[in-house]
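Only one structure is covered here, and it is reproduced in the block below.
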There are 4 protein chains.
Amino acid sequence: MAGSTIGNIFKITTWGESHGKGIGVVIDGCPAGLPLCEEDIQKYLDRRRPGQSSFSTQRQESDSVRILSGTFEGKTTGTPISLMIANEDQRSRDYGDIATYYRPGHADYTYDAKYGFRDYRGGGRSSGRETIGRVAAGAIAAKILAHFGITFLTYSKAIGPVTIDTTRFDAEEIYCNPLYMPDAAAAAEAADYLNRCKAETNSAGGIVECIISGVPAGIGDPVFDKLDANLAKAIFSIGAVKGFEIGDGFAVAQATGLTNNDAFFTDSEGKIEKATNHAGGILGGISDGSAIILRAAFKPTPSIASTQRTVNKSGENIDINIKGRHDPIIVPRAVVVVESMAAITLLDAMLQNTTATMESLEKIYG
Amino acid sequence: MAGSTIGNIFKITTWGESHGKGIGVVIDGCPAGLPLCEEDIQKYLDRRRPGQSSFSTQRQESDSVRILSGTFEGKTTGTPISLMIANEDQRSRDYGDIATYYRPGHADYTYDAKYGFRDYRGGGRSSGRETIGRVAAGAIAAKILAHFGITFLTYSKAIGPVTIDTTRFDAEEIYCNPLYMPDAAAAAEAADYLNRCKAETNSAGGIVECIISGVPAGIGDPVFDKLDANLAKAIFSIGAVKGFEIGDGFAVAQATGLTNNDAFFTDSEGKIEKATNHAGGILGGISDGSAIILRAAFKPTPSIASTQRTVNKSGENIDINIKGRHDPIIVPRAVVVVESMAAITLLDAMLQNTTATMESLEKIYG
Amino acid sequence: MAGSTIGNIFKITTWGESHGKGIGVVIDGCPAGLPLCEEDIQKYLDRRRPGQSSFSTQRQESDSVRILSGTFEGKTTGTPISLMIANEDQRSRDYGDIATYYRPGHADYTYDAKYGFRDYRGGGRSSGRETIGRVAAGAIAAKILAHFGITFLTYSKAIGPVTIDTTRFDAEEIYCNPLYMPDAAAAAEAADYLNRCKAETNSAGGIVECIISGVPAGIGDPVFDKLDANLAKAIFSIGAVKGFEIGDGFAVAQATGLTNNDAFFTDSEGKIEKATNHAGGILGGISDGSAIILRAAFKPTPSIASTQRTVNKSGENIDINIKGRHDPIIVPRAVVVVESMAAITLLDAMLQNTTATMESLEKIYG
Amino acid sequence: MAGSTIGNIFKITTWGESHGKGIGVVIDGCPAGLPLCEEDIQKYLDRRRPGQSSFSTQRQESDSVRILSGTFEGKTTGTPISLMIANEDQRSRDYGDIATYYRPGHADYTYDAKYGFRDYRGGGRSSGRETIGRVAAGAIAAKILAHFGITFLTYSKAIGPVTIDTTRFDAEEIYCNPLYMPDAAAAAEAADYLNRCKAETNSAGGIVECIISGVPAGIGDPVFDKLDANLAKAIFSIGAVKGFEIGDGFAVAQATGLTNNDAFFTDSEGKIEKATNHAGGILGGISDGSAIILRAAFKPTPSIASTQRTVNKSGENIDINIKGRHDPIIVPRAVVVVESMAAITLLDAMLQNTTATMESLEKIYG
């Protein structure tokens, strides 16, 4: 339980450090017969690839994925799919300074406290590169979900103080600006804000929102494995996430039962629907057939070039200036990571749901 | 994976419905040698017992716990601890109407969608009574943590629009008002608000905050089993939670690296500390030795006596008026549930941490 | 992971000690919609109930099961099924002597070594009564399997040196003799042998065989969760089992490829079958459509009235004479325990198999 | 749960097919601070490498391991250790015939039944090469165990009808003959037997025995996670195993309580020991401090060049002659696989045991 595995049926295990030989993921439990090639995965990885705008690290990596096992003649075989992405940009530079002190806002101190020492090269296992394995697995999960009509719309809802204006919401805009915002005006304003942050050797946070459409009602398990609980874990396991919401989220604290309850109604085709969706598509931990809406708050990149106070391993109070190629904001690149973790979690819940009733068993064994 | 088990080493499994024979929990993995009697557990259960104020359901239950297994001569044996709390108030009333329609904001529709039918008596498994097992297990977890100097301070931070004033924060006040608020003035104001809600046959939400002190640095696992990710899941698995935060939570989205990073320093005793605690005690998913701070947003009780629109099982659009003995707010009774889930999660992380290094193994087997 | 839970989807957790308040099991993951009443379970428990012949302990227990949760209007709801069997025969006798020394062949010493102390009343958690929870859960698993045409034939294949003659095999005889042997002559001979053992205050071992018919081909997972591997674990987790075989078992060590390979052929209805079944119905960890055949070797009851050498807790070498109501052989009562563990394991494998292919997912979600 | 992961704390996940890009394993949960280099692992892999005698396949593979992650400056970091062994001998030969029919004794039919199709190149995932990942992980587990004084002695106990004579037992002889037998005379006789098998295009089975010394008393969990139950699963998950025993194994069926019970005594140093070890070092699922003794029966290699009857995918009954480079016996190369699975299982049980008592927790957190 060292924590690098998630999922019960669609189970993924990631490995790798920022400046080691590579990053990888093993996906066990992927159903057999899914057409799968490297391009299916690469297009997801490309969404988090560095160096694509002035707002992400200038580290140059192609992040090319190789499928090492689990497919045959272009289809998944049902056995483990091993994916590897080699680290290309392992400059043999001097990490000596980072090795000796604890960067504020990073996991340096806590890794040392837990393990007695750490791989300090580029953050080692706590680096953002760790999310590559998640995205590679998420691409596969999303492909299966798409087969069953389930689609994702994920974007930056807020960058620092700049929040999208929902009246200007334009899904096609998301891929037209480097910040993945569905609002061109907000994206422009956010870019200005980020340029000011960069000028001040500072960094920014933000909010990612994900809307999942087409989820059938009835997915998720009661009590501890509620769909929202498992989404909360999956999203909160992404480094830098400090808050998570479903539906109206924290706003419900000030709502009343009358305003917060979503009335059910039968639509013209006889389908049961909700008149509103404050619940964000999940009731009692189980999907209700409406869109699932979730949000995650990301903290500002902790690596900033400004002078900071900290402690070195000898316990001395020192001033530091962190060098390196860091993102002034991680939100845009985190968009696909949130989508990936949501896809992995939802697929796993759907796979678990196949045995919920005797009736569904009869479809398989009857 | 029907979802009624949580934890890897300190593993709990709950069972029971609102109007069945009782509610129970089996705790497997509790270390041997812990002094444990029913009173240790009862005092936690009493914190969530109904009928203690005008703001909770008038259902009368003593919620008395019985230890059925796992202790011998007053100490835990290391084998499963089975706890049962009988349901006493199972009025044989007519549930016929609830059986036929889907209450807005409840899990009625989603249970039917998943299972094909449901135990509709008082919400069955989706009832708030399900949390009794969590609290009973949480009492044991908290007792072990207290043995190692770890303590919890949990309270209502906000009731509807009324938030505590931190300058008036008084921990002793928490148990002096029925709303478990650490601010007498806010509690009085919140009580007024709730009385207005009741008068309008409406209900309210709120925010629970939990501060955990004394946690050593180094607890939690990287990647998927981050301590905050597991806390997120545990807290989000409580019915009615729609948002979860650690430390500054959603506020980090608007912070900058300079304001959000917590500087490390060595204190006069040579201990490494943080000058601030925006992180809420967790960095990279691992505890940093500061207090762990978490918050959960609870939605307003969905059961309200006002007329609501919904659908019955025949698909007809109808108006309903829900009768019964419902809490106008669940936040005060949820305080101990949040604390319990946090205790269970933290203890499990600490138990998993005993094998993190060869050095710790040597303490056991050397 | 204190070890009282088994299964991934059909997951059972047992609790209880020999002389505590009772024995119980929580079954999580049972599909909704299965008709289930206490009598379904009781008939399995009655097969292991003590006091039914001169060859089992004279302890008097009705072992009556109560369903505490998880059913509604006679059907399973998909939520945890909690079953409890009260201990009735908890004589308040003096266990003082057993508390002070380690009985040979029992778990007294190992429990003390692990936990520092133990519940010594009647063996506590290591008692054979622990298997009651397994049988109660096994009854439910077997009922689901029967719905899909899968049936069990389980019996004593050998009692001490007396082995059944397969030319006299008579399935109907199994329930006609107290030793559950499918061969009346062998049963009579074994009874004579056991009477001699009893006269000599000695005890006997034996072999249980289980044949599972109707299992479709394709059940079980490759590599670590092979169907035979999970059966091996499940059966070996029954106290007193020292050996486990599938198909020809240990005899394969002396076979050759030519004699051991089972030729495939297509029968007159176009179904693929095997001409022989040396494999015992499993190839590569996956069922092949033939009958699954397994065997378990049980050691002689360690509690014997003869004088034995052992050590007390002070480390003194002493002679002991164990008193009490012990079975001279546990094999007949273990028959239903083997069947139960096999049923639980097979059902869990079948439930996991519903997501093996995209095609099966399409049956559920297409 | 597609079955390629085993272990709870020391958790391994294997991947790869016989004729894919390679074979790998990810080890999560290895304690930090263990000195580890590729040579530690390579020496285990070399024990199962093909082509080392006339009795193993002539396939030429160096089976060189690469550590891709999880170590830093020569020590494990506590994060996932990813190991990969490239497949070198992937001859682009014609597999067309194997693709069209089901080889007797192989998993061809069952994989097709489960997944709808299979990677037929060299057996794909069901190939013996799958065990490479097990051995690589086993090398690490064994290194940790050795640090705590636990050692393994594993060998071929029987090859076909030739069993070692225990009066000639010579541990040093094990590595002096290609059959890994601790008895030179038996090894010579077995070699003759195997040469006759080869001459007749036939194959042989056998028995592997493993003796684990130095295990402290108290390891293993009661009920389902008994140490012997988990060993049974781990060993039975090795392809071709059809029987498993602990201690006296199947012989206990004919023993009596008087002969089978092992008397305890206190030795001259005050240590509690057993006068005999019929139990094989485990009582009630928990280690008793004596040597753990286990045995596994392996079936004859199913791939034989003799003509065999089988069925093709069109359902036609056909005669086949399997070509290729197959081991006439797998027992000698399976010796290190058995040792590896035993090491992985025992280490995992020891890691789980660190939280068995409040006293052991105090050693870590007190």
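Chain letters run A, B, ... following the sequence lines, proteins first and then strands; every chain starts at 1. Just so you know, these numbers come straight off a predicted model, no measurement behind them.
- Contacts with chain D were tallied for Gly78(B), Ala356(B), Gly33(B); Ala356(B) has the most, counting heavy-atom pairs under 4.5 Å.
- Proximity to chain B (any heavy atom under 4.5 Å) is restricted, for Phe148(D), to the side chain, taken from C-beta onward.
- Salt-bridge check for Lys21(D) with Glu17(D): failed, with every basic side-chain N at 4.0 Å or more from each acidic carboxylate O.
- Ion pairing between Asp28(D) and Lys11(D) fails under the 4.0 Å rule for side-chain N and carboxylate O.
- Atom CD of Glu362(B) has more than 12 heavy atoms from other residues, nucleotides or ligands within 6.0 Å.
- Contact annotation for Leu347(D): neither backbone nor side-chain heavy atoms come within less than 4.5 Å of a heavy atom of chain B.
- The most heavy-atom pairs under 4.5 Å with chain B, out of Met350(D), Glu359(D), Lys75(D), His147(D), come from Met350(D).
- We find that Asp288(B) and Lys274(B) are joined by a salt bridge, their nearest charged nitrogen and carboxylate oxygen being less than 4.0 Å apart.
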